2 protein chains.
Amino acid sequence: MELTERQKEIFGYIEKTVREKGYPPTIREIGKRFSCSSTGSVRDHLKALANKRCIECIPGVSRGIRLLRKSMYPSIPVAGRIIAGEPELAMENIEGEIRVDEKLAGDGKTFALKVKGDSMAGAGIREGDYVVVRPQESCREGEIVIALIEDEATVKRFMRRGKGVFLEPANPAYKPIPVDGRVKIIGRVTGLIRYYR
Amino acid sequence: MELTERQKEIFGYIEKTVREKGYPPTIREIGKRFSCSSTGSVRDHLKALANKRCIECIPGVSRGIRLLRKSMYPSIPVAGRIIAGEPELAMENIEGEIRVDEKLAGDGKTFALKVKGDSMAGAGIREGDYVVVRPQESCREGEIVIALIEDEATVKRFMRRGKGVFLEPANPAYKPIPVDGRVKIIGRVTGLIRYYR
DNA sequence: GACTATACCGCACATTTGTGCGGCTGTCAA
DNA sequence: TTGACAGCCGCACAAATGTGCGGTATAGTC
């Protein structure tokens with residue numbers, strides 16, 4: 001069964017609290033957050049969420065809310081679309097979530113991007129892999145970066161060649177791209193995750 | 001500062017409770033578990049753990065214990081050494097932990113292995129990567145597997161060629177290895193994690 | 001000896017927190 | 001109209017829970 005808007009909000013709050021504080025909220029804390037002056041209202045919601053198998057309420061136990069769906073683990077959003085000039089990933093452009101090690105999770109701005117094409121095959125980055133991206137505008141020689149070229153996000157290696165700066169694919173079938181006004185560096189690739197079926 | 005035996009036990013219990021129940025224990029629950037009839041005793045321990053930066057105690061909040069060290073996140077062990085004939089990874093052979101998405105975490109037997117050598121470079125698996133391994137004895141054509149060859153764990157692709165079965169590297173510099181008595185399949189590679197510095 | 005840390009016990013108290021029960025207003029489908 | 005939901009209010013009560021303050025004992029260190 002689907003969750004109502006309100007229920008989604010409350011479930012999200014419980015999730016967030018567990019993730020950030022390490023323990024679930026009390027009934028009254030939820031009420032405070034959503035301006036419910038009555039504990040009864042909150043309990044109605046918890047009951048609904050429990051019926052829909054989202055949480056489990058443990059009777060007689062303070063903060064006795066257990067998350068059954070989703071999780072309380074650190075995750076980064078998977079970007080569906082990247083828009084130039086927007087430092088933050090807009091909610092609408094998030095396709096999903098991937099849980100990662102905290103070494104990869106970064107500071108909250110880090111996101112993942114599904115790799116399209118085989119232009120980096122020579123560097124062991126393949127179509128369908130997820131690259132973990134830490135947003136930053138500058139980068140160093142040799143680093144693998146995400147750049148926006150005419151509204152298209154691509155993975156390339158950042159290199160200097162003589163006087164120019166280039167984004168180099170790791171595949172002889174593609175040509176280096178000179179970095180100029182049309183190219184915007186989005187961030188640096190800090191990790192890679194691949195799923196085998 | 002090092003933890004005493006008792007403190008380790010209590011810290012472990014808090015960790016376990018958070019992981020299994022989804023919320024930290026109360027002072028009295030800890031006392032019950034360790035046969036401390038006084039809440040004061042438990043608070044002494046919590047205070048000690050807080051001093052040693054293992055937990056944080058939030059005043060006035062029920063179950064207000066926050067884990068600062070280690071984690072409550074799903075992680076898989078990183079195998080340092082794999083021994084033939086032992087289905088479970090012995091504690092002594094665990095080098096560390098990596099947190100992963102639950103899709104990768106599997107059922108509890110899954111582990112990670114750091115890749116040595118470049119024999120699978122053609123398949124985008126590079127030296128230093130971590131492959132996620134689900135232990136199993138059989139595997140299908142084309143799957144990437146971990147095999148033990150003369151006590152050495154290697155990553156290869158499982159292939160049939162004519163009448164024989166081979167473990168094929170993805171690098172022309174290496175030769176396929178015929179599967180015979182000397183070769184033991186440890187498991188299947190279900191994922192890959194890479195860290196860029 | 002004085003001091004500190006660890007590891008316990010015990011009790012009273014105030015606060016936090018879940019619970020029970022009653023009530024209200026809408027909307028929507030049968 | 002009736003019924004089932006969603007969403008909300010209010011109150012009193014009992015249980016769960018953190019807190020303050022006191023005590024004992026052992027071990028190690030300066």
Side-chain angles (χ1 to χ4, degrees), chain A residues 1-69 72, chain B residues 1-69 72:
Chain A
M1 216 187 326
E2 257 325 295
L3 296 188
T4 67
E5 270 313 304
R6 198 71 168 147
Q7 286 164 5
K8 275 185 204 167
E9 280 175 24
I10 293 175
F11 183 72
Y13 173 67
I14 298 172
E15 243 193 321
K16 185 166 163 263
T17 306
V18 171
R19 192 173 49 235
E20 293 180 359
K21 304 203 172 192
Y23 44 81
T26 63
I27 289 178
R28 284 175 178 84
E29 280 167 3
I30 298 173
K32 203 174 199 176
R33 166 66 183 74
F34 292 97
S35 307
C36 288
S37 60
S38 169
T39 58
S41 315
V42 178
R43 279 181 297 156
D44 285 347
H45 286 120
L46 294 184
K47 211 179 288 175
L49 285 170
N51 281 334
K52 294 178 180 179
R53 310 273 159 195
C54 290
I55 61 170
E56 190 187 342
C57 294
I58 292 89
V61 170
S62 69
R63 302 176 190 275
I65 300 174
R66 229 161 157 174
L67 294 170
L68 298 182
R69 287 201 194 161
M72 49 201 151
Chain B
M1 217 189 324
E2 258 323 297
L3 297 187
T4 67
E5 270 314 303
R6 198 68 168 151
Q7 287 164 2
K8 275 186 203 164
E9 280 174 25
I10 291 175
F11 183 71
Y13 172 67
I14 298 171
E15 242 193 323
K16 185 165 163 259
T17 306
V18 170
R19 192 172 49 235
E20 293 179 359
K21 305 204 172 189
Y23 44 81
T26 63
I27 290 176
R28 283 174 180 83
E29 280 167 3
I30 298 172
K32 202 173 199 177
R33 166 65 182 75
F34 292 97
S35 306
C36 290
S37 61
S38 168
T39 58
S41 315
V42 178
R43 278 181 299 154
D44 285 346
H45 286 119
L46 294 185
K47 210 178 290 176
L49 285 170
N51 280 334
K52 293 179 181 179
R53 310 275 159 194
C54 290
I55 61 171
E56 190 187 341
C57 294
I58 292 91
V61 169
S62 68
R63 302 179 189 275
I65 301 174
R66 229 162 159 175
L67 294 170
L68 298 182
R69 287 205 194 159
M72 48 204 151

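Chain naming here is simple, since letters A, B, ... match the order of the sequence lines and numbering starts at 1 in each. Here the structure is a predicted model, which is why all the values come from computation and not from measurement.
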Counting the atoms with a prime plus P, OP1 and OP2 as sugar-phosphate, which does B:Thr26 contact under 4.0 Å by heavy atoms, base, sugar-phosphate, or nothing?
sugar-phosphate
Heavy-atom distance under 4.5 Å between the side chains of A:Pro24 and A:Thr17, does that happen here?
no
Can you check whether any acceptor in the base of D:dG10 is under 3.5 Å from a donor in the side chain of A:Ser38, or vice versa?
yes
For A:Gly40 and for A:Glu29, find the nucleotide of DNA chain C with the closest heavy atom, then tell me which residue's nucleotide is more 5'.
A:Glu29
Phosphate-side-chain proximity, B:Ser62 and C:dT17, N/O vs OP1/OP2 below 4.0 Å
yes
Does C:dT6 have OP1 or OP2 sitting under 4.0 Å from an N or O in the side chain of B:Arg6?
no
Are the side chain of A:Arg66 and the backbone of B:Glu20 linked by a donor-acceptor contact shorter than 3.5 Å?
yes
So, is A:Ser41 close to the D:dG7 phosphate, meaning a side-chain N or O under 4.0 Å from OP1 or OP2?
no
So what does B:Ser37 hit on the nucleic acid, given a heavy-atom distance under 4.0 Å: a base, only sugar-phosphate, or nothing?
sugar-phosphate
Whole-Å distance separating the NE2 atom of A:His45 from the P atom of C:dT19:
17 Å
If you take atom types as modelled and just measure distance, does the side chain of B:Arg43 reach the base of D:dG20 with a donor-acceptor pair under 3.5 Å?
yes
Tell me, do B:Leu49 and B:Ile65 make a side-chain contact under 4.5 Å, heavy atoms counted?
no
Aromatic B:Tyr13 / basic B:Arg33 pairing, under 6.0 angstrom, 45° off normal:
yes
